[in-house]
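Structure first, commentary second.
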Number of protein chains: 2
Amino acid sequence: MADINFNELIRQSGGSPGEAAADADPQPPRWDIIELLFFAYRDFVGDADHVLEAFGFGRAHHRVVHFVCRYPGLTVADLLDVLRITKQSLSRVLKQLLDEGYIVQRAGDSDRRQRLLFATAKGEALVEKLARLQTERIDRALRDLPPAGAEAVGKFLRAMIDRDDPDKVLQTILHGGASAKDVT
Amino acid sequence: MADINFNELIRQSGGSPGEAAADADPQPPRWDIIELLFFAYRDFVGDADHVLEAFGFGRAHHRVVHFVCRYPGLTVADLLDVLRITKQSLSRVLKQLLDEGYIVQRAGDSDRRQRLLFATAKGEALVEKLARLQTERIDRALRDLPPAGAEAVGKFLRAMIDRDDPDKVLQTILHGGASAKDVT
DNA sequence: CCTGATATGTCAACATGGCTGACATAAATT
DNA sequence: AATTTATGTCAGCCATGTTGACATATCAGG
């Protein structure tokens, strides 16, 4: 293995000292948070990856069945807004999930062009299995924090999300509170 | 657009009530955090994506040049550990970054088989440009938190990362503190 | 009722960035 | 001298994103 001593090699926080020399470093890069986000998210989604592999699915399938399960009656258009992918990309994974009985469609009530999507019991079971894994990791990470700390984490994550052009699901998450029915 | 009322459709937190009926719901899924992580990370990396596109690069290039810039002298093997990809995948993007002058190689001192990687000024400029964008988002999100809140976010992210089989870079991040030289 | 807009589905082609397997070279190690 | 290690490279496959074009069903308005 390589024998580098990283502790001597880490780039120091200050910028290269050949610039204007007095620009007061407006916003020193948050190297720590940037990298922690990378590693944390990698391991977070990694939990699900192993299980998904056994089902012959990928992350794309997880995202689709997750949001359909969580927001029953979601239309295809809504799902496209949430995932921000093209309908061609969606249709590939959605078709598999439909064929294999993880999701069912129903024509819309007021608009019969729409396909309302619902997770089957099979789909719900998969989503819950995956969520359980990820929840374990989250609980473990929140366990050592005071209640105010856990609250801060939620606030932080919300504040990291773009406010402009939020889709309906995102609106619900940001404003409705996860088990909402108390939105005006 | 679809006219679903999400507030009526959100799946309630409790599980399906057809089970053992008295298993006390060991760990209710953290739907909120799971979804916030998805959206937050999507927007977080989205910042960089637009800039990268202008350079003809993708996320893979960003990760490589980022870690090389941050940990100068990183070997190829170390980089593979950090990114957890195969050398074939790495070589594709690494070659481009070398050809276009964002990164340079040098033979190792003690082991001349190794290729120590260093970011050029051009590479550093790109990394800092991207880090500045992401830092703005992070600062914005931390701004409204008390100091204890920001600390909680860091702790949370660290605790979300797998401890087993950590590579050297990760060791440094988790234990060395971002500007470390005080590790025994 | 006809017309145009909308919601969805589908075909074809392509790009990125993962992967495996096989093999080559140079340098270190034994 | 033989083996192992660090790296590079070729060839091909897979998952998942993209664009463009086009078909169908349905809604909505004159």
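Letters A, B, ... are given to chains in the order of the sequence lines, protein chains preceding strands, and every chain is numbered from 1. Worth knowing before you read on, the calculation uses all heavy atoms, side chains too, and leaves out hydrogens, waters and symmetry mates.
- Listed candidates were dG9(C), dG8(D), dT26(D). Nearest to the side chain of D111(A) is dT26(D).
- Residue H62(A) contributes atom NE2, which lies 17 Å from atom C1' of dA15(D) at whole-angstrom precision.
- Each of G56(A) and L98(B) lies near DNA chain D, and the nucleotide nearest L98(B) is the one positioned closer to the 5' end.
- Of the candidates dA27(C), dG17(D), dG8(D), dA27(C) carries the atom nearest the R112(B) side chain, counting heavy atoms from C-beta on.
- At a cut-off of 3.5 angstrom, counting only N and O atoms as typed in the model, there is a donor on one side and an acceptor on the other between the side-chain of K87(A) and the base of dG9(C).
- One can find a donor-acceptor pair under 3.5 Å joining the base of dT5(D) and the side-chain atoms of R113(B).
- Aromatic pair F44(A)/F38(A): centroids not less than 6.0 angstrom apart.
- A side-chain contact (heavy atoms from CB on, under 4.5 Å) with F39(A) holds for exactly one of L157(B), V82(B), D162(B), L174(B); it is V82(B).
- Distances shorter than 4.0 Å separate none of the side-chain N or O atoms of H61(A) from OP1 or OP2 on dA15(D).
- Between the side chain of Q105(A) and the base of dG9(C), no donor-acceptor pair under 3.5 Å is found.
- A salt bridge links D49(A) to R59(A): one of the charged nitrogens lies within less than 4.0 Å of a carboxylate oxygen.
- Residue S89(B) places at least one side-chain N or O under 4.0 Å from the OP1 or OP2 atom of dC19(C).
- The shortest distance between the side-chain N/O atoms of T86(B) and the OP1/OP2 oxygens of dC19(C) is below 4.0 Å.
- The base of dG12(D) does not come close enough to the side chain of Q88(B) for any donor and acceptor atom to sit less than 3.5 Å apart.
- Contact annotation for R92(B): base contact, defined as any heavy-atom pair under 4.0 Å involving a base atom.
- When the shell of 6.0 Å around NZ of K129(A) is examined, it contains 12 or fewer heavy atoms from other residues, nucleotides or ligands.
- Here the nucleotide nearest the side chain of R115(A), chosen from dT26(D), dG8(D), dT8(C), is dT8(C).
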